[in-house]
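Heavy atoms only: backbone and side chains are in, while hydrogens, waters and symmetry mates are out.
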Amino acid sequence: MNPEVPEDSEDHEPGRGKPIGRRILLGTLGLGALGVVSAPVLQRGMEAFLGEAAQKDPTGLTGLLPNGGGFRYYSVTSSVPRKTAKNYRLTVDGLVDKPASYTLADLRALPQTRMVKDVQCVTGWRVPDTPFEGVRLSALLDAAGVRSSAGAVRFTCFDGAYTESLTLEQARRADVLVALRMQDKDLSHNHGGPVRLYVAPMYFYKSAKWLSGIEVTEEVEPGYWEERGYDIDAWVGRSNGRDDEPTT
């Protein structure tokens with residue numbers, strides 16, 4: 001959720017603001033109407049600008065800036081390579097009988113699931129009613145043939161640094177997707193595209209962006225933020241000392 005915008009901090013006595021002329025009033029109304037018409041275009045432009053800036057900002061401060069979509073842009077590396085339908089691959093391996101490699105076209109050809117839920121970040125912001133579409137992670141695990149010794153799933157990303165993990169039981173939930181679309185559009189690079197993980201009932205750091213690998217393991221291996229103190233089981237409202245409303 002975007003932080004509240006503070007009101008004008010100048011001191012004004014009630015009822016004694018400066019009068020404005022007719023020309024200024026009409027001009028202000030005109031700008032307001034223009035803003036209504038151009039808001040979607042400006043929002044997309046702001047999202048793109050902040051996304052690019054965040055990738056080149058080693059301080060991470062750009063991730064704190066609000067934008068019209070409600071999202072913040074986080075990356076743990078200074079830059080992330082771009083993947084397209086031509087060079088994207090998602091591997092499924094580890095403790096499976098049938099390791100696989102999926103192209104973007106392969107993933108799009110599989111049955112798709114759409115769900116609309118709030119997105120909740122552990123830092124406090126929330127974006128309500130956000131549509132995600134993709135392949136259920138359980139379907140990819142079933143296709144790979146998970147071995148009896150398996151107990152968890154580890155996720156790697158093509159930024160070269162970020163990792164995440166879920167227990168096998170968590171990974172098989174119906175509200176965990178290998179997502180290809182968000183907000184009824186193909187996932188953009190800045191939102192973790194072309195493919196990201198989406199773990200609906202957990203804080204958003206579990207929904208790893210730029211997904212490149214799914215490895216079935218014996219035990220949960222702490223992910224990037226878990227190694228830095230975040231909870232491994234990141235249920236919204238029940239972890240990390242927060243009491244946010246659940247997203248399910």
Side-chain angles (χ1 to χ4, degrees), residues 1 54 60 63 70-77 80 90-92 94 113-141 146 150-183 187 190-217 219-248:
M1 183 178 295
F71 287 89
R72 304 293 188 272
Y73 295 91
Y74 301 110
S75 173
V76 300
T77 62
V80 181
L90 174 64
T91 60
V92 181
T113 296
R114 184 178 189 270
M115 60 182 69
V116 180
K117 298 182 183 294
D118 292 358
V119 167
Q120 177 71 53
C121 181
V122 74
T123 60
W125 55 264
R126 176 179 288 228
V127 183
D129 301 326
T130 304
F132 278 88
E133 295 175 63
V135 181
R136 282 193 171 126
L137 176 58
S138 59
L140 298 183
L141 296 175
V146 175
V153 184
R154 180 174 182 265
F155 307 94
T156 54
C157 307
F158 61 79
D159 67 349
Y162 201 82
T163 62
E164 261 306 337
S165 288
L166 295 170
T167 67
L168 190 57
E169 181 181 4
Q170 293 166 353
R172 289 192 178 280
R173 287 178 58 107
D175 52 4
V176 177
L177 299 181
V178 172
L180 310 178
R181 291 172 61 81
M182 186 184 84
Q183 296 176 317
L187 267 169
N190 293 331
H191 281 301
V195 178
R196 73 176 297 161
L197 187 66
Y198 177 53
V199 185
M202 292 189 176
Y203 284 107
F204 209 33
Y205 66 86
K206 301 296 289 191
S207 297
K209 297 193 288 187
W210 305 302
L211 185 64
S212 62
I214 298 171
E215 179 188 4
V216 179
T217 60
E219 299 178 345
V220 167
E221 299 180 25
Y224 182 91
W225 285 116
E226 286 89 349
E227 291 178 339
R228 290 157 176 81
Y230 280 41
D231 286 355
I232 291 177
D233 294 322
W235 305 106
V236 173
R238 290 188 281 142
S239 63
N240 290 282
R242 298 190 60 85
D243 59 357
D244 306 285
E245 288 293 323
T247 54
T248 56

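One distance of note links CG of L197 with CG of L211; it measures 6.0 Å at 0.5 Å rounding. With rounding to the nearest 0.5 Å, the separation of CD in Q183 from NE2 in H191 is 5.5 Å. Annotation: the span from M202 atom CE to S207 atom OG amounts to 9.5 Å, rounded to 0.5 Å. Put simply, CD on E219 and CG on L168 are 13.0 Å apart, with the number rounded to the nearest 0.5 Å. The OH atom of Y162 sits 7.5 Å away from atom SG of C157, with the distance rounded to the nearest 0.5 Å. Interatomic distance, K209 NZ to N190 CG, rounded to the nearest 0.5 Å: 7.5 Å.
Using a 4.5 Å heavy-atom threshold, the side chains of F132 and L180 count as separate. You'll find the side chain of M115 stays beyond 4.5 Å of the side chain of P131, heavy atoms only. Side-chain contact between E226 and Y205: present, with at least one pair of heavy atoms (C-beta onward) separated by less than 4.5 Å. Looking at M182 and T130, their side chains come closer than 4.5 Å, going by heavy atoms from C-beta outward.
Counting only distance, with no hydrogens or angles, the side chain of D118 and the backbone of D129 share a donor-acceptor pair below 3.5 Å. Using a distance-only test at 3.5 Å, with no hydrogens or angles considered, no donor-acceptor pair links the side chain of T247 to the main chain of V119.
The shortest non-hydrogen separation linking G213 to L90 is N-CD1, 3.7 Å. Across all non-hydrogen atoms, the minimal contact from Q120 to W125 is NE2-O, 3.3 Å. Between G193 and F158 the shortest heavy-atom distance is O-CZ, 3.7 Å.
Environment of CD in E227: crowded, with over 12 heavy atoms of neighbouring residues, nucleotides or ligands closer than 6.0 Å.
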Quick one: do C121 and Y203 satisfy side-chain contact (heavy atoms from CB on, under 4.5 Å)? Show the steps, please. CA-CA 5 Å; C121 181; Y203 284 107; 5.9 Å; no
Derivation and outcome, side-chain contact (heavy atoms from CB on, under 4.5 Å), residues I214 and V153: CA-CA 7 Å; I214 298 171; V153 184; 3.5 Å; yes
Apply the test side-chain hydrogen bond (donor to acceptor under 3.5 Å, both in side chains) to residues Y198 and D175: give CA-CA distance (whole Å), side-chain angles for both, the deciding distance (0.1 Å), then the verdict. CA-CA 8 Å; Y198 177 53; D175 52 4; over 6 Å; no
Derivation of the side-chain contact (heavy atoms from CB on, under 4.5 Å) call for F155 and L166: CA-CA 9 Å; F155 307 94; L166 295 170; 3.8 Å; yes
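A search for side chain to side chain contact (heavy atoms under 4.5 Å, CB included) contacts involving R154 returns T156, T163, S165, E215, T217, E221, not counting sequence neighbours. Checked against side chain to side chain contact (heavy atoms under 4.5 Å, CB included), P246 has the following partners two or more places apart in sequence or in another chain: T248.
In summary, of the residues considered (V135, V176, L177), a side-chain contact (heavy atoms from CB on, under 4.5 Å) with T113 occurs for L177 alone.
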Side-chain polar contacts of residues 228-238 - donor-acceptor pairs under 3.5 angstrom, sequence neighbours left out - could you list them?
unit_1	atom_1	unit_2	atom_2	d
R228	NH1	Y224	O	2.8
D231	OD2	N240	N	2.6
D233	OD1	Q170	NE2	2.9

